[in-house]
Enquirer: 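Following this message is one structure expressed as structure tokens.
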Amino acid sequence: MSDFLSRYSSNGLRRLISSLNSIRFRDEVGEVEYFGQKVVLLRRDAFSLIRKELSRVAGTASGVILEVAGRRVGTEEGIVLSSKAEGLGLNRPEGLPDFIRTAVEESNMGFGKMQVKELEISVGKAVVIVQNSFEAEDAGVSLKPICRFTSGYLEGIFCQLVGKNMRSQEIECKAKGDNDCKFILSLAAS
């Protein structure tokens, strides 16, 4: 086992990610920080209400807006994680797959339990399962996948962590009656 892998075991990577994403309550100024960034905590059903209003006002464009917003959030998370990884030497080729897997699975943003089932960095492919998706949970029944924010989030974070332009497609969705939400990420067409 290389020095790198013994130094940064899976448990060590999980502890690192956990230390990066700790929540800090700043009661004296009425703020909450996550990853050192100011955040607003909302109940899950608040997102459902936002989606319904966005759909009412923007119609079919609401899905695109959610996806773009999710991508931006994922990009920002990926930038923070990549920066920390670079500073600690975790983004070297021999440790990159473990780091990416751990970063995605342990950076709990409340979107649901993410699991990277497949990861092929060299060809730019990943499969991610999301259990308990915050988007699908309160959405009711749908004929097609609806987790547009999560899809965008995965695109953004994988683009930063893999260093390649990725696209995400949700192929299974709990709102459609599937067991979980499943996303395929692949290289974007140039």
Side-chain angles (χ1 to χ4, degrees), residues 17 21 23 31-82 100 103-119 124-190:
I17 298 300
N21 69 11
I23 294 177
E31 295 176 354
V32 179
E33 290 181 359
Y34 187 75
F35 278 107
Q37 300 292 317
K38 293 178 185 177
V39 297
V40 176
L41 300 176
L42 297 172
R43 294 185 332 258
R44 278 182 149 194
D45 64 337
F47 185 84
S48 182
L49 295 171
I50 291 168
R51 182 201 336 247
K52 286 177 187 170
E53 282 303 304
L54 187 57
S55 181
R56 185 182 65 77
V57 172
T60 57
S62 63
V64 173
I65 294 167
L66 289 170
E67 198 165 328
V68 169
R71 185 176 173 105
R72 185 67 185 156
V73 170
T75 297
E76 291 300 318
E77 296 300 319
I79 288 170
V80 170
L81 290 166
S82 292
I100 291 171
V104 171
E105 292 179 355
E106 300 298 325
S107 293
N108 185 358
M109 298 294 292
F111 300 154
K113 179 65 178 158
M114 294 188 180
Q115 297 175 308
V116 179
K117 291 295 187 180
E118 293 178 37
L119 179 59
K125 181 182 179 201
V127 176
V128 178
I129 303 290
V130 180
Q131 298 170 332
N132 191 28
S133 167
F134 84 106
E135 286 185 273
E137 184 177 270
D138 293 329
V141 179
S142 176
L143 297 175
K144 59 184 181 177
I146 61 155
C147 301
R148 301 289 297 270
F149 183 90
T150 303
S151 186
Y153 172 82
L154 290 170
E155 279 183 14
I157 197 166
F158 271 91
C159 284
Q160 293 303 311
L161 297 177
V162 173
K164 298 176 181 177
N165 192 15
M166 307 282 289
R167 288 290 175 233
S168 174
Q169 179 182 10
E170 185 178 17
I171 61 168
E172 294 177 13
C173 185
K174 189 136 184 149
K176 291 186 358 175
D178 296 316
N179 289 332
D180 297 306
C181 299
K182 182 177 183 178
F183 300 85
I184 304 290
L185 287 103
S186 57
L187 287 177
S190 300

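For the single chain, residues carry numbers from 1 onward in sequence order.
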Enquirer: For Phe158, which residues count as a ring pair (Phe, Tyr, Trp, His ring centres under 6.0 Å) partner, sequence neighbours excluded?
Expert: none
Enquirer: For residues Glu137 and Asn132, report the shortest heavy-atom separation together with the two atoms involved.
Expert: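 Distance-wise, the nearest heavy atoms are OE1-OD1, 2.9 Å.
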Enquirer: May I have all residue pairs that pass side-chain hydrogen bond (donor to acceptor under 3.5 Å, both in side chains) and include part of residues 109-119, sequence neighbours excluded?
Expert: Glu118-Lys125
Enquirer: Output the distance between atom CZ (Phe134) and atom CZ (Phe149), rounded to the nearest 0.5 Å.
Expert: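 Reported value, rounded in 0.5 Å steps: 5.5 Å.
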Enquirer: Glu77 and Tyr153: which non-hydrogen atoms are nearest, and at how many Å?
Expert: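 Looking at all heavy atoms of both residues, the closest pair is CG-CE1, 3.9 Å.
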Enquirer: Checking Lys164 now: which residues fulfil side chain to side chain donor-acceptor pair (under 3.5 Å) with it, not counting sequence neighbours?
Expert: none
Enquirer: List the residues meeting side chain to side chain donor-acceptor pair (under 3.5 Å) with Glu76, not counting sequence neighbours, and say none if there are none.
Expert: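 Side chain to side chain donor-acceptor pair (under 3.5 Å) check on Glu76 returns Arg72.
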Enquirer: First locate atom CE of Met166, then atom CD1 of Ile157, and finally report the distance between them rounded to the nearest 0.5 Å.
Expert: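 Output value for this atom pair is 12.0 Å.
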Enquirer: Do Gln160 and Leu81 come close enough that some side-chain heavy atom pair is under 4.5 Å?
Expert: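 Answer no - side chains too far apart.
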Enquirer: Please collect all salt bridge (charged side-chain N to carboxylate O under 4.0 Å, His left out) contacts where either partner lies in residues 58-71, sequence neighbours excluded, each pair once.
Expert: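 Qualifying pairs, neighbours excluded: Glu67-Arg148, Arg71-Glu155.
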Enquirer: Taking side chain as C-beta onward, heavy atoms only, is Val128 less than 4.5 Å from Thr150?
Expert: no
Enquirer: What's the shortest heavy-atom distance between Glu170 and Ile146, and which atoms?
Expert: OE1-N, 3.4 Å
Enquirer: Ser55: which residues meet the side-chain contact (heavy atoms from CB on, under 4.5 Å) condition with it, sequence neighbours left out?
Expert: Ser62
Enquirer: Please evaluate residues Val116 and Ile100 with respect to the criterion side chain to side chain contact (heavy atoms under 4.5 Å, CB included), reporting the C-alpha separation (whole Å), side-chain torsions for both, the decisive distance (0.1 Å), and the verdict.
Expert: CA-CA 9 Å; Val116 179; Ile100 291 171; 5.7 Å; no
Enquirer: Could I get the full list of side chain to side chain donor-acceptor pair (under 3.5 Å) partners for Ser151, not counting sequence neighbours?
Expert: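 Only Ser168 meet the side chain to side chain donor-acceptor pair (under 3.5 Å) criterion with Ser151.
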Enquirer: Restricting to non-hydrogen atoms, name the atom on Ser82 and the atom on Leu161 that form the minimum distance, rounded to 0.1 Å.
Expert: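 Taking Ser82 first and Leu161 second, the nearest heavy atoms are OG-CD2, 3.6 Å.
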Enquirer: Which distance, rounded to the nearest 0.5 Å, do you find between the CG of Asp45 and the CD1 of Ile50?
Expert: 10.0 Å
Enquirer: Look up atom CG in Leu154 and atom CZ in Phe111, then write down how far apart they are to the nearest 0.5 Å.
Expert: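 So the CG of Leu154 and the CZ of Phe111 are separated by 9.0 Å.
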Enquirer: Show every donor-acceptor pair shorter than 3.5 Å between a side-chain atom in residues 174-185 and any protein atom, with sequence neighbours excluded, or say none if there are none.
Expert:
unit_1, atom_1, unit_2, atom_2, d
Lys174, NZ, Asn179, O, 3.4
Asp178, OD2, Cys173, N, 2.8

Enquirer: Apply salt bridge (Lys or Arg N to Asp or Glu O under 4.0 Å) to Glu31 and list each qualifying residue two or more places apart in sequence or on a separate chain.
Expert: Arg26, Lys38
Enquirer: How close do Gly112 and Val130 get, counting heavy atoms only, and between which atoms?
Expert: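 Here Gly112 and Val130 meet closest at CA-CG1, 4.0 Å.
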